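Some notes on the structure that comes next.
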Amino acid sequence: MSAAHEIDLDTVAEIVDTAAKTATAIPQLSETGNEMNLEQAYEVQRRSLQLRIDRGEKQVGVKMGFTSRAKMIQMGLDEMIWGRVTDKMFVADGGEIDLRNFVHPRVEPEIAFLLNKPIEGYVSPAQAMLSVEAIAPALEVIDSRYENFKFNLEDVVADNSSTSALIVGPWVKPDLDITNLGMIMSFDGRPVQIGSTAAILGNPARALVGAAQLAADEGSRLEAGWTVLAGAATAAQAIVPGIHVRLEAQNMGSVSFSVK
Ligand code: OOG
Ligand code: MG
């Protein structure tokens with residue numbers, strides 16, 4: 001029997017929640033006596049979401065992680081994961097983020113789906129797209145609460161998969177081919193990551209399918225009105241004070257924010 005059975009999941013949920021709330025780095029759970037299995041890690045994620053809900057936040061979506069080779073290689077993990085997105089995590093397009101609210105944030109070029117119908121169970125990419133009202137270029141600011149941005153799969157899942165902030169650009173109708181659209185992420189006008197939506201599982205609609213699958217696995221579903229982030233098309237890039245971050249996505253438009 002593993003030590004995992006003796007872990008108090010409520011205590012662990014409070015540890016990760018407090019770290020996020022106070023922007024304070026913590027040692028990896030797996031190295032400080034809180035080694036969990038994946039199921040327990042997701043339970044911690046759900047309980048820490050509940051702590052946010054208790055403070056008045058509302059779940060309005062989910063984000064997928066490790067849906068591209070670039071991200072898998074950067075973090076040394078290769079299993080698709082998800083995190084929960086609340087209303088408080090949204091930053092307006094063209095807005096500003098304050099680095100004091102983060103531990104060591106990085107930004108990623110993504111695309112977002114807006115659902116107008118629930119997605120339930122195991123569906124095909126084409127079926128999943130029938131519930132999509134609109135798509136948009138999006139920037140995700142991830143911020144691991146673990147020291148040195150280092151974690152194993154269970155650690156990162158317990159930490160809500162590093163979910164921290166997101167900036168969603170203009171919504172457009174999902175009637176364009178999204179399987180191979182160029183993406184250029186720039187800092188102060190200089191490209192720092194260049195990629196394609198093809199890097200996201202060969203078709204970002206598959207990330208939506210993956211999200212529906214993870215929901216089905218826990219007996220839930222993706223809800224109408226939710227925003228779903230497909231996962232980064234490239235490696236994440238550390239952000240520093242004073243820069244302007246912009247993502248230009250082919251045929252979709254652009255989205256940007258500044259760093260204070
Ligand atoms: C985990 C979150 C990964 C993505 O887009 O792949 C993610 C991390 O790398 O900290 O958001
Ligand atoms: Mg991401």
Side-chain angles (χ1 to χ4, degrees), residues 16 19-20 23 25-30 36 38 41-42 44-45 48-49 60-86 89-91 97 102-113 135-169 178 183 185 192-211 213-214 226-239 245 247 249 255 257:
V16 290
I26 53 171
Q28 285 181 64
L29 297 168
S30 57
M36 290 172 284
L38 193 58
Y42 272 117
V44 168
Q45 188 186 111
S48 72
L49 173 78
V60 292
V62 292
K63 72 68 153 300
M64 295 300 289
F66 306 140
T67 52
S68 66
R69 290 284 303 152
K71 277 295 301 184
M72 292 179 201
I73 290 164
Q74 184 178 34
M75 303 317 295
L77 294 170
D78 59 12
E79 190 166 331
M80 220 168 21
I81 57 173
W82 75 350
R84 331 247 160 185
V85 171
T86 73
M89 297 171 181
F90 279 76
V91 174
I97 72 160
F102 300 83
V103 182
H104 36 212
R106 298 176 179 178
V107 64
E108 304 176 323
E110 306 216 2
I111 82 164
F113 298 100
I135 54 174
L139 289 161
E140 184 184 18
V141 178
I142 52 167
D143 192 25
S144 175
R145 270 53 72 160
Y146 301 115
E147 287 161 1
N148 306 314
F149 224 112
K150 280 181 79 177
F151 43 68
N152 68 17
L153 187 69
E154 291 77 20
D155 290 329
V156 68
V157 164
D159 182 30
N160 198 22
S161 300
S162 309
T163 313
S164 189
L166 64 159
I167 304 93
V168 178
I178 57 167
M183 301 181 106
M185 186 168 76
V192 290
Q193 292 288 344
I194 299 173
S196 161
T197 55
I200 306 165
L201 298 170
N203 174 1
R206 293 206 183 101
L208 195 53
V209 168
Q213 232 161 51
L214 284 168
W226 275 14
T227 296
V228 179
L229 284 181
T234 71
Q237 193 80 21
I239 52 180
V245 180
L247 168 64
V255 54
F257 67 95

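All ligand and atom numbering here is 1-based and tracks the order in the structure. What you are looking at is a predicted structure, and each value in this text was computed from that prediction instead of being measured. The first residue in the sequence is number 1, and the count goes up from there. Below, all heavy atoms of this structure are taken into account, side chains as well, without hydrogens, waters or symmetry copies.
Geometry at the Mg ion (ligand 2): OE1/E108 and OE2/E110 form an angle of 90°, nearest 10 degrees.
T227 is not listed as a side-chain neighbour of F113, based on a closest heavy-atom distance of 4.5 Å or more. By the 4.5 Å heavy-atom criterion applied to side chains, H104 and N148 are not counted as neighbours. Residues M64 and L201 have side chains not in contact (no heavy-atom distance under 4.5 Å, counting atoms from C-beta outward). Side-chain contact check for V85 versus F90: some heavy-atom pair is nearer than 4.5 Å. You'll find the side chain of R206 stays beyond 4.5 Å of the side chain of M80, heavy atoms only.
Aromatic ring pairs are classed by plane angle as parallel below 30°, tilted from 30° to 60° and perpendicular above 60°; the pair Y42 and W82 is perpendicular.
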Do any nitrogen or oxygen atoms of ligand 1 lie under 3.5 Å from a protein nitrogen or oxygen, and which ones?
{"residue": "ligand 1", "atom": "5 (O)", "partner": "E108", "partner atom": "OE1", "Å": "2.9"}
{"residue": "ligand 1", "atom": "5 (O)", "partner": "E110", "partner atom": "OE2", "Å": "3.0"}
{"residue": "ligand 1", "atom": "5 (O)", "partner": "A232", "partner atom": "N", "Å": "2.8"}
{"residue": "ligand 1", "atom": "6 (O)", "partner": "F66", "partner atom": "N", "Å": "2.9"}
{"residue": "ligand 1", "atom": "9 (O)", "partner": "K71", "partner atom": "NZ", "Å": "2.8"}
{"residue": "ligand 1", "atom": "10 (O)", "partner": "S162", "partner atom": "OG", "Å": "2.7"}
{"residue": "ligand 1", "atom": "11 (O)", "partner": "K63", "partner atom": "NZ", "Å": "2.9"}
{"residue": "ligand 1", "atom": "11 (O)", "partner": "E108", "partner atom": "OE1", "Å": "3.1"}
{"residue": "ligand 1", "atom": "11 (O)", "partner": "E140", "partner atom": "OE1", "Å": "3.0"}

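Under a 4.0 Å N-O distance rule, the pair K63/E110 does not qualify as a salt bridge.
Within E140, the N/O/S atom positioned nearest the Mg ion (ligand 2) carries the name OE1.
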